[in-house]
2 protein chains.
Amino acid sequence: MEEINSTPLRRSEQLGEEIEERIVTGVYPPGTRLDEQELAASFGVSRTPVREALIQLASAGLIDVRPRRSAIVPEMSAERLYEMFEVMAELEAMCGQLAARRIRPEELEQLQEAHRACEVARDAGDPDTYYQLNEVFHRRIYEASHNGFLAEQAMALHRRLRPYRRLQLRVRNRMSTSFSEHAEIVAAIVEGDGAKVADTLRAHVVMQGERFTDLVSTLREFNAGDNTSGGI
Amino acid sequence: MEEINSTPLRRSEQLGEEIEERIVTGVYPPGTRLDEQELAASFGVSRTPVREALIQLASAGLIDVRPRRSAIVPEMSAERLYEMFEVMAELEAMCGQLAARRIRPEELEQLQEAHRACEVARDAGDPDTYYQLNEVFHRRIYEASHNGFLAEQAMALHRRLRPYRRLQLRVRNRMSTSFSEHAEIVAAIVEGDGAKVADTLRAHVVMQGERFTDLVSTLREFNAGDNTSGGI
DNA sequence: TTAACGTGTCTTGTATACAATATTTCATTA
DNA sequence: TAATGAAATATTGTATACAAGACACGTTAA
């Protein structure tokens, strides 16, 4: 009896997650055509669950589907990406502000623990680990907002922006800067200064999105290999 | 210059919109089981497009689907609803703040026009018309934010909260109060005072969500619809 | 040579058939 | 009578078959 997954996912959900993972990690870079038959064959299922997975991803905004034409991984323009970071910054700020008021002692302890873990990764100069721990850190804040809907929205968008954020961590000193900002955020939460938490978080996220130079180079790296209709 | 729906919708998208409409207007009240065959029969199509529509709605959060069991219209708890209004308030505030900086003369003109239209509906004491014009008013602000992604997110959530907002307009004096608040908002935008716009909008939306008494009675009214397809 | 057009192939959209699981019903027993 | 359990039924999940629009390519004409 090694039933690990208590809620058996539908096939299409598993597929959706797998395809999303591939999009988000760049296996399917922007511009990739998602052929239903091809995907079906590669997953060893029929087209039906694949279609359902694609529809799911489409309504989450991860892919574009045009009627009677293959779904494609959209080429995000720098402008669009900046817009998304702008919204992300505000969601994070909101989470932080609420968290400053509502966080519980044990949650604060967990947040500080996540922060310390980031420090280790920074000292080790390991961007990949830092990236993962950074996710945990931010998720703790989302949860401490004690607004479940907000936390879901923040996580969804955070996930969508993953590939871009990930590459940015390799920019010079970004990891260090990020960690210092985290420290400020934690301090402000401890003080219970909601406005300060919000401002710091907003700046923290905007910093990732605002520098168009970095951003565009990120996009270049991403869109590399596809030189049609250069979406920047 | 708006595009005149150049892309013909897939059948499942039409179905999705229709079903969403029925959920949002209370034809399918919370708790309703959405039987695929039944829906297929009533729309005169096979189960396939119905399923695709349901999956779409599910990933938009409008319905719950549990594996091997019918999709249902979720009964939203007052807490959940409050959470959603809290997020809506912040999104609106953000739109307003950006709009104060970025709105263009012709957009300001359109906004003021929408505002004047609301006034007519208020004077006529017509909540249904007011409700529709109110949507236009808010949408103008979303668009004036010049952040397309934000505007999309705001519109999606606004739409999801429609039924609850709609019923609230019938609360005593709500229409009048709402209109006064709109006036403040427009004034602050004209002044270009982003912070004031944000605060006013936040209060405007929170007012709709924060009063638990009204909210819960709204929910009651909604959840009482377990009798057959009566519809609002 | 190039542009236009039509045919053929490919891919998506929908219907139907079948498989697997949840629900209901009804008989049986304490 | 209430609880239990197993068969019957109903409903979802997946596969396959067919229909219809999009794309590719080759042919023809200027």
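Only heavy atoms go into these numbers, but all of them, side chains included; no hydrogens, no water, no symmetry mates. Keep in mind it's a predicted model, so treat the numbers as computed, not measured. Convention: sequence-line order gives letters A, B, ...; per-chain numbering from 1.
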Gap between atoms CZ and P, on B:Arg68 and D:dT9 respectively (whole Å): 20 Å
Sugar-phosphate, base or nothing in reach of B:Leu54, heavy atoms under 4.0 Å: nothing
Rounded distance (Å) that lies between atom C1' of D:dA15 and atom CZ of A:Arg51: 14 Å
A:Arg69 (side chain) and C:dG13 (base): donor-acceptor pair under 3.5 Å: no
Rounded interatomic separation in angstrom, taking CZ from A:Arg47 and P from C:dA15: 14 Å
Parallel, tilted or perpendicular, as decided by the 30° and 60° cut-offs, for the rings of B:His138 and B:His204: parallel
Whole-Å distance separating the CD atom of A:Gln14 from the P atom of D:dG13: 13 Å
Ion pair B:Glu107/B:Arg140, N-O distance below 4.0 Å: no
Value in whole Å for how far the P atom of C:dG13 lies from CD of B:Glu13: 9 Å
Residue met sooner reading DNA chain D from 5', once B:Glu36 and A:Ser46 are mapped to nucleotides: B:Glu36
Donor-acceptor side-chain pairing of B:Glu92 and B:Tyr142 below 3.5 angstrom: yes
Gap between atoms CG and P, on A:Asp35 and C:dC10 respectively (whole Å): 12 Å
Gap between atoms CD and C1', on A:Glu52 and D:dG13 respectively (whole Å): 8 Å
Residue met sooner reading DNA chain D from 5', once B:Arg66 and A:Arg33 are mapped to nucleotides: B:Arg66
Closest non-hydrogen atom pair between A:Val50 and A:Leu15, with its separation: N-CD1, 3.9 Å
Distance, rounded to the nearest Å, where B:Leu39 contributes CG and D:dT12 contributes P: 9 Å
Among C:dT11, C:dA15, D:dT12, the nucleotide that comes nearest once only the side chain of B:Ser70 is considered: D:dT12
